[in-house]
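Written below as structure tokens is the structure these notes are about.
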Amino acid sequence: MNRARLALIVAGTLLSACVAAPQGSEGAVPAAAPAAAGALASVPSPPPPPSVSRPTPAPAPAEPARFVFSGELTQGGWIRGEVPRGTLSARLDDTEIAIGPDGHFFAGFNRDAEPAAVLSATLADGRTVTEQLTIAPRDWRLERVNADFTAGVPSESFMKRRRPELEAIAAARTAEAEAEGWQQNFIWPARGRISGRFGSQRIYRGGKEGSYHSGLDIAGGGGTPFVAPADGVVVLAAQEPFTLEGHLIIVDHGHGLNSAFLHASEIDVREGDRVRQGQVLGKIGASGRATGPHLHWSLMWRGARLDPLLILGED
Ligand SMILES: [Zn+2]
């Protein structure tokens, strides 16, 4: 084993030692404060000096290391904010959070997120900071259909075509492009009637649940241009239509956040293009499996499906 490799292993051990810092270590610091206060209180204090002429050089107590954030603490929602000062790495439950050079971060909550989640940060001094989150459940729209659930087994010829499409989508969804769109206030990619909401689900005869709707459908009219809701990098642009998604575009907004746009009639961007918020990506269509022209917009953060309506600013 060479020296460099040994050094790496030692560094790795140190890092895991930091990560494994006991939960109690966080409490040890504040615990010292009451004891000190008690010691001070036991000393008879002289009468306070007149306060007019003396500057008070008492140092401000160090700010507690904590997460600061705002957003939508609900299923399909998100938060954006700053990690505690001195953070080396941070997680939402088991998912790694990307940290910007200024300590800013984004995290999202899946459609079926559990009611309790934990933000945690490992600090450079080895401490761990945790923050308990309460994720509000949503009252998802359920559509009861008087039909049997048919989980048709796809034919081998279909899967032969489908497999590389799924692989391309998975690769695009996990791409890590350098983009800053995750920090922006998102805008509507197109205007039109909302013809399908995120999270709605069909319930079949006998109570069998179908898969839920993974995005927001906007019936903007065939041929209407749609735009990037935030800055990003085009990580997939299907010039040849995919079987289900048709002409599909995926834009990486950075820090694990990305948008997919389905069923386009025309694509105006190429893979690798850097796009700005408001830039035209393509035209609304009905390519792939669609009953009529509409834009299906789905939003994901590190495998969690988010509700696009929750990230759109008020307007
Ligand atoms: Zn849809």
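First listed ligand is number 1; within each ligand, the first listed atom is number 1. Note that the coordinates shown come from a computational prediction; the quantities given were computed from them, not determined experimentally.
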When the ring planes of Phe186 and His253 are compared, do they come out parallel, tilted or perpendicular, using 30° and 60° as the limits?
perpendicular
Ala136 backbone acceptor or donor facing Thr74 side chain under 3.5 Å:
yes
Shortest non-hydrogen contact from Met159 toward Pro164:
O-CD, 4.5 Å
Angle class for the Trp297/Phe261 ring planes (parallel below 30°, perpendicular above 60°, tilted otherwise)?
parallel
Taking the side chain as every heavy atom from C-beta outward, state whether Leu92 and Arg302 have any atom pair closer than 4.5 Å.
no
Taking 2.8 Å as the upper limit, name the protein N, O or S atoms near the Zn ion (ligand 1).
His213 NE2, Asp217 OD1, Asp217 OD2, His296 ND1
Using 4.0 Å as the upper bound for N to carboxylate O, is an ion pair formed by Glu245 and Arg162?
yes
